[in-house]
Amino acid sequence: MSEILSTASDAFRLIVTGLPIVLLLTFVSFFPALGIGILGGLLASSRVRALRFLVGIYVYIFRSTPFLMFIFLVYYGLPEFGIDIGPVATAIIALSLSHGAYMTEIIRGGLGSLDKGQNEAAIALGFSLFQRLRDITLPQTLMAIIPSLLGQAILIVKDTSLVSVVGISEITRLGREVVIRTNEPFVVFSLLALTYFAVCFVLETAARKLEVKARLVISGH
Amino acid sequence: MAYFEARNVNLHFSSFHALRDVSLSLEKSDVLVICGPSGSGKSTFIRAINRLAGPLSGGAMSFDGADLARMPARDLHRRIGMVFQRFNLFQHLTVLDNIALPQRRVLGRSKAEARARAMALLERVGLAEKASVYPVQLSGGQQQRVAICRALAMDPAMLLFDEPTSALDPEMVGEVLQVMRELAASGMTMIVVTHEMGFARELASEIAFLESGQVVEKAPPGEFFAHPREERTRLFLSQILHHQAG
Amino acid sequence: MLSDAYDLFWQYQDTYLAGVRNALTAAGLGLVLALMVGLLVGMVRFTSRGRLGKAMAVYVSLVRNTPLLVQVYFIYFGLPALGLTLSAFWTGVLALTFNSGAYISEMVRGGLNAIPKGQTEAALALGLNQRLLLAKVLLPQAAPTVLPAVTGQFVQLIKDTSLLYTIAVLEITKAADDVGNETYQFLPAYLVSCVLYIGICVVLNLLVDLYESRAGFSKHKRA
């Protein structure tokens with residue numbers, strides 16, 4: 001019994017040290033990915049066919065290749081171009097590029113789902129293009145896509161478990177080390193799973209709440 | 001020259017000829033009702049007035065002595081308001097903000113002034129207690145009354161109504177028509193696309209019947225209903241009156 | 001660099017092709033097993049409001065809110081502790097089944113929920129029992145919406161096989177790693193695997209499109 005307890009406290013310690021890395025990686029990758037997504041989503045909604053095509057290829061590549069392979073590609077690829085930035089920056093770049101592709105899809109969909117009548121009403125009332133974007137299009141798009149963006153944040157949290165392959169000691173890797181040392185897989189991995197679960201569950205609940213609210217306010221979709 | 005006048009207006013959607021030589025006019029404080037089967041171009045015509053249908057391919061429109069095509073978009077939209085079939089209230093704003101925000105953005109009114117005006121209008125249509133709710137929480141009839149308030153708050157010189165009651169359940173049509181009736185009585189200049197023949201008979205200065213993008217017939221209501229000159233008008237009237245009676 | 005990758009592929013095609021074969025096998029087995037799990041769990045969650053339904057909801061929520069890698073480790077390290085030893089490959093298949101089963105169950109439940117309630121009421125009014133109602137009325141109607149999503153899940157499964165790398169199963173990512181370790185040409189080695197994944201995905205999408213146009217399903221957005 002005391003052995004299990006010491007394993008548990010071991011595991012608890014690793015979570016306390018490993019969790020901040022997960023949260024940090026998620027947070028720091030989310031915003032570049034969102035930036036890429038906004039740019040990609042706008043380009044994908046543009047009238048220029050070549051732009052839509054290029055964005056389409058970018059999205060297709062990332063939807064058809066696994067993140068684990070991609071992070072290796074970035075890890076081994078950047079030094080070939082004389083860029084040596086260490087594992088954490090490598091992980092952030094890989095996460096941003098990969099999830100930027102998914103966010104491109106989310107934002108393209110959000111822009112496409114808007115009711116044309118909203119824009120027409122704003123035109124008929126005399127709003128300028130800038131006012132229409134700021135007061136109508138942007139807030140409505142944001143309300144429509146924030147639940148999906150939080151869903152994407154959950155996927156980023158889960159993908160951070162894979163960055164240990166380039167030598168970052170996040171909690172999954174630390175957990176594995178504790179298991180090899182103590183041979184207590186159930187205790188350690190249960191704690192590990194619960195930790196991820198807690199983070200993702202908070203995001204999932206927030207997403208669901210906001211989705212209900214968005215549906216209350218923006219009907220018809 | 002009439003207060004509003006359209007002369008030989010033509011409009012194409014790529015190869016589709018949506019409006020063919022449409023000429024219509026009305027004087028200040030008049031109510032022009034436009035009716036016709038779906039696809040006749042009646043909505044396209046009033047959308048063309050405030051540039052929601054794209055550029056004309058021929059003809060001209062004038063308003064209050066000025067050429068509409070040369071009027072800056074902001075002036076045009078400030079002076080000619082519009083009420084849509086599907087209300088098009090801003091879904092992410094409360095009822096009050098739907099009416100107040102355009103006043104602030106387009107007319108530069110202060111927040112307090114815009115809100116006071118919005119409340120006064122809501123009072124007038126009997127919806128003051130709904131000021132802080134979102135549009136989806138209202139019935140269709142209530143939404144349309146708010147949409148009329150939103151247009152009125154801009155103090156327009158003329159209002160366009162694009163089938164304002166077609167998206168409503170039958171029991172809500174009356175409350176919206178009542179607001180429009182009061183507007184007409186107060187001297188508002190209005191162009192109304194509608195199938196509500198009772199409203200047309202009661203309030204229209206003139207009724208125009210459109211089909212296939214052409215004005216088939218236009219006449220004051222008494223004459224229009226009693227002695228339609230064209231066979232197509234008679235057919236349309238018999239169908240629609242029969243339907244509304246049933 | 002691309003020509004390096006091209007040369008590497010032909011030089012080590014046995015490794016790469018073994019990787020592709022293992023990945024496709026694991027994903028294929030995973031899909032078949034996950035379909036069974038998903039159908040079962042999805043139907044239970046659709047019909048049961050009781051304890052069983054709640055337990056299934058917990059399973060789905062746990063899978064969706066934890067990384068696949070943790071699930072793989074749980075099974076890989078956990079089973080031997082219970083005295084059950086599976087090969088790494090079958091451990092991987094089990095993890096993929098457990099994972100994809102949860103996602104597929106959500107698709108099944110969503111498809112069933114999307115059917116108008118009147119269908120159930122009509123069937124019950126005609127005297128059909130629960131089993132016939134599901135088998136003859138609801139599932140056939142859910143199929144056109146669920147199947148395209150399930151084929152999308154197969155692409156996801158192919159991508160997920162990359163995690164078997166972490167338990168030393170030779171799949172496409174591991175193949176690149178092995179070739180890289182042998183030649184020290186890591187970037188070209190991984191480029192080959194990248195192209196292989198994309199190639200598989202292109203072929204799969206073509207097959208799905210072909211199948212859908214044959215079957216006359218409406219084109220639903222695939223996840």
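All values below were derived from every heavy atom in this structure, side-chain atoms included, with hydrogens, water molecules and symmetry-related copies excluded. Numbered from 1 within each chain, the chains take letters A, B, ... in sequence-line order.
A distance-only check finds a donor-acceptor pair linking the side chain of His77(B) to the backbone of Ala73(B) [under 3.5 Å]. Side chain of Arg108(A) to backbone of Ser45(A): no donor-acceptor contact under 3.5 angstrom is found.
For chain A, the nearby part of Ile80(B) is the backbone; its heavy atoms alone come within less than 4.5 Å. If you measure heavy-atom distances from Arg132(A) to chain B, you find no contacts under 4.5 Å at all. Residue contact with chain A, scored on non-hydrogen atoms closer than 4.5 Å, involves the backbone of Leu89(B) exclusively. Both the backbone and the side chain of Asp135(A) come within contact range of chain B, with heavy atoms under 4.5 Å apart. At a 4.5 Å heavy-atom cutoff, the contact between Gln131(A) and chain B is made by side-chain atoms alone. Within the 4.5 angstrom heavy-atom criterion, atoms from both the backbone and the side chain of Phe90(B) approach chain A.
Of the residues considered (Arg74(B), Met82(B), Arg105(B), Met154(B)), Arg105(B) shows the highest number of contacts with chain A, using heavy-atom pairs under 4.5 Å. The residue among Gln85(B), Arg51(B), Arg150(B), Gln103(B) with the most heavy atom pairs within less than 4.5 Å of chain A is Arg150(B).
With 3.5 Å as the limit, one finds no donor-acceptor pair spanning the side chains of Ser29(B) and Glu27(B). If you check the side chains of Ser57(B) and Asn10(B), you find no donor sitting under 3.5 Å from an acceptor.
Between Asp155(B) and Arg109(B) a salt bridge is recorded (basic side-chain N to carboxylate O distance below 4.0 Å). The pair Arg63(A)-Glu105(A) meets the salt-bridge criterion, since a charged nitrogen lies less than 4.0 angstrom from a carboxylate oxygen.
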